[in-house]
Protein chains: 2
Amino acid sequence: MKEIANKAGVSVSTVSLVLNGRDEGRVKSKIADNVRAIATKLGYQSNPLASSLRTGRTHILGFISEEVATTPYAGGMILGAQTAASQFGYMLITVSTDGENSESEEIAALKRYGTDGFLYAKMSNRITHVPSSLAKTPLVLVDATDSLGKIPSVEPDEFQIGYDATTRLVKAGCARIAYVGCLEPLIAQDDRLEGYQAALRDAGLDYDDHLVVNVLNNGPALTAVSDLFDAEHPDGFFCFNDARAWYVYECAARRGLTVGKDISVVGVDNHRVFAETLEPMLTTVELPHFEMGYWAVAKLVSIIEGRSMDDVSWPATTAPLPPIDAPIPAKIHCTLIEKASVK
Amino acid sequence: MKEIANKAGVSVSTVSLVLNGRDEGRVKSKIADNVRAIATKLGYQSNPLASSLRTGRTHILGFISEEVATTPYAGGMILGAQTAASQFGYMLITVSTDGENSESEEIAALKRYGTDGFLYAKMSNRITHVPSSLAKTPLVLVDATDSLGKIPSVEPDEFQIGYDATTRLVKAGCARIAYVGCLEPLIAQDDRLEGYQAALRDAGLDYDDHLVVNVLNNGPALTAVSDLFDAEHPDGFFCFNDARAWYVYECAARRGLTVGKDISVVGVDNHRVFAETLEPMLTTVELPHFEMGYWAVAKLVSIIEGRSMDDVSWPATTAPLPPIDAPIPAKIHCTLIEKASVK
DNA sequence: TTGAAAGCGCTAACAT
DNA sequence: ATGTTAGCGCTTTCAA
């Protein structure tokens, strides 16, 4: 900057003003242009650390995720967040906390670097108790719901997921539609189940809880789904995610049933691998991970900078994003992707 | 720091010396102890940005990954890297570059923040051309091989993986052992295939390339594996990863064959989801993702600080890590995890 | 063995 | 409309 000031014959303060775009009506436009020209010629790159020292703003965002980065879930979320961050001139520091133990330490470490704000992400939409160390900083939850409903959050529309998936199976002519759900107490599980029930109701079908099995992602699951096959002979399956869809595939294969012909399956695409491998067999509801990440960052930046983000151009999305000032918590609409598993 | 200096009745320079552990023989130990005590009492946290401004060291490491963070592969790698980073007092900034396009931009952004060094990770061990923007900085490759063999890298022992997996199948009494490999040109693919061949040779079995199918992770794969079943009737399968193992499971199920009874399967556990879901059916070779990440960071730190890392205590590992000064590229030994799929 | 002082690169109040 | 000056929190000569 000193070098630029010399070449331009002005002071560093002027250079600072110009390069920060605060020269409107303060610096003669001719001088300003000259400064800008010299800066580009010299390939000047501001030192964000130095300005941070003065302004207290680091343009660093902390992305705290419980396993999100380390498990197949929600990969696109980070990509979306990163895209938004770099678009808005921020840097994203992603921290995966394995258990609850290291979490506060990691947060403390981030804070020492002067993080401007935090994103707090969970693996699957659930009621979340936010660590107290995050209380006083700008914060946005991703795929999680604040227990008090006071913290901004970005979530998929879980009810709609259940409703759309089930409706698709109804339209495919399925009469005995099963739900292979999740045993953990998740918002995602509860709301999708409600969507499933509502769709059945709207289609004039009775809800029968014998057609619902909630399982974990482990050994007993296969037995449970197997029993469901034999006891209820469902012809349609709405699966909580693609890992659970696998159990249906395995059971079908063992019984000589073909997915897309004898039975229909719609699953939520949570683990990309499954969906890719089962493709083109699995019809999926796509979770808008990228959009959630992107929008959460946009929201966080709007909070930090105290300005509306209405002027940002959203990246291509699978579904229109709600306005940035939408009520909290805001739901993102999910899209049903048709493949070949529904007859 | 000023506050500490006041309370201790010394100058900030002294405080700086003490708090940086450079007081040996320079500051009276009584004063030093007093300073330390006051610092802890006050809960002093150094401002890393301010010291960076002076020292040019940020203690920030850039982790550049092509999709690593966004796909199921190699999740533990980031966790391992993060663990090591925080243990050595570094912060890890993870950047996922989707294609080649944004990569140089992201690197530039990281460099502006004064990153001390970089990790460059790939999804699967392959010959890698390192971007020129990374040429002049401390750099360690993770699960990748430098085309010139001059850049430090941390990789799994791919040959050993193939050898161990195949040998396990031989010991289970399999006589017709197939390899379901990967169609892409990867170090992982080539070396594992060699390991497979070597193990057959050592067991006195003939290598027959009809028993090898290399597939991508998509539609045609299922057909290819299906054809392999019908044409060759293998009784053992070594699979490049768990996604490919799924095809074997699907084919076996459709033919009324039971894995672990009629056929045996050993696969490399690349996507945790599959392995978890197929559990306890799939015998896996575990890729030491965590260890690779951890060790890569340790190596990078040793380069940056110009010191040996011999004194660091490694975290619990599946296998002993090679010495930090091991020849480049260094291979990490992988561990075979026994489950129930091998009769 | 300690302290005073300069300065890392930048911003912002205050002068002019 | 521009320049001067004083720091942000820390490290590091250099002098005492």
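Remember, predicted model here, so these are calculated numbers, not experimental data. Computation of the quantities below employed the complete heavy-atom set of this structure, encompassing side-chain atoms and omitting hydrogens, waters and symmetry-equivalent molecules. A, B, ... follow the sequence lines: proteins, then strands. Residue 1 opens every chain.
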*Asks:* Ignoring backbone atoms, test whether Tyr44(B) places a side-chain nitrogen or oxygen under 4.0 Å from the OP1 or OP2 oxygen of dC10(D).
*Replies:* yes
*Asks:* In whole angstrom, what separates Asn34(A)'s CG from dA1(D)'s P?
*Replies:* 17 Å
*Asks:* Where the side chain of Lys2(B) is defined as all heavy atoms beyond and including C-beta, which of dC8(D), dG3(D), dC10(D) is the nearest nucleotide?
*Replies:* dC8(D)
*Asks:* Any donor-acceptor pair, under 3.5 Å, between the side chain of Thr55(A) and the base of dA12(C), if you only look at N and O atoms?
*Replies:* no
*Asks:* Assign each of Ser13(B) and Thr14(A) to its nearest nucleotide of DNA chain C by heavy atoms, then name whichever residue's nucleotide is nearer the 5' end.
*Replies:* Ser13(B)
*Asks:* Output the rounded distance in Å from CE (Met1(B)) to C1' (dC10(D)).
*Replies:* 6 Å
*Asks:* Roughly how many Å is it from CG in Leu49(A) to P in dT11(D), rounded to a whole number?
*Replies:* 14 Å
*Asks:* Tell me whether the side-chain N/O atoms of Asn20(A) come closer than 4.0 Å to OP1 or OP2 in dT11(C).
*Replies:* yes
*Asks:* Heavy atoms, side chains only, cut-off 4.5 Å: are Lys299(A) and Tyr294(A) in contact?
*Replies:* no
*Asks:* Starting at atom CD1 of Ile4(B), determine the distance to atom P of dG9(D), rounded to an integer number of angstrom.
*Replies:* 13 Å
*Asks:* Which whole-number value in Å describes the distance from Lys28(B) NZ to dT1(C) C1'?
*Replies:* 7 Å
*Asks:* Using a heavy-atom cut-off of under 4.0 Å over every strand shown, decide if Gly25(A) touches base, sugar-phosphate, or nothing.
*Replies:* sugar-phosphate
*Asks:* Which part of the nucleic acid, if any, lies within reach of Ser52(A) when heavy atoms closer than 4.0 Å are counted: base, sugar-phosphate only, or nothing?
*Replies:* nothing
*Asks:* What heavy-atom pair brings Phe88(A) and Val297(A) nearest, and what distance separates the two atoms?
*Replies:* CD1-CG1, 4.2 Å
*Asks:* Among the candidates dT11(C), dA1(D), dC8(C), find the nucleotide nearest to the side-chain atoms of Arg54(A).
*Replies:* dT11(C)
*Asks:* Kindly point out which of dT2(C), dC10(C), dT2(D) is positioned nearest to the side chain of Ala50(A)?
*Replies:* dC10(C)
*Asks:* When you measure from the side chain of Thr55(A) to the backbone of Arg57(A), do you find a donor-acceptor pair of N or O atoms at a distance under 3.5 Å?
*Replies:* yes
*Asks:* Nearest whole Å is fine: how far is dA12(C) P from Leu53(A) CG?
*Replies:* 12 Å
*Asks:* Answer yes or no: is there a donor N or O on one side and an acceptor on the other, between the side chain of His59(A) and the main chain of Met91(A), under 3.5 Å?
*Replies:* no
*Asks:* Could you say whether Ser46(A) or Ile31(B) is positioned toward the 5' end of DNA chain C, judged by the nucleotide with the nearest heavy atom to each?
*Replies:* Ile31(B)
*Asks:* When you measure from the side chain of Arg26(A), which nucleotide among dT2(D), dC10(C), dG9(D) comes out closest?
*Replies:* dT2(D)
*Asks:* Given atom CG of Asn6(A) and atom P of dG3(D), what is their separation to the nearest angstrom?
*Replies:* 11 Å
*Asks:* Do Ser86(A) and Glu105(B) have side-chain atoms, one donor and one acceptor, less than 3.5 Å apart?
*Replies:* no
*Asks:* Contact class for Gly114(B) vs. all strands (heavy atom < 4.0 Å): base, sugar-phosphate, or nothing?
*Replies:* nothing
*Asks:* Check this one for me: any side-chain N or O of Ser11(A) less than 4.0 Å away from OP1 or OP2 of dG3(D)?
*Replies:* yes
*Asks:* To the nearest Å, give me how far apart CZ (Arg57(A)) and C1' (dG9(C)) are.
*Replies:* 19 Å
*Asks:* Ion pair present between Arg36(B) and Asp23(B), side-chain N to carboxylate O less than 4.0 angstrom?
*Replies:* yes
*Asks:* Please confirm whether the shortest side-chain N or O distance from Arg22(B) to OP1 or OP2 of dT12(D) is below 4.0 Å.
*Replies:* yes
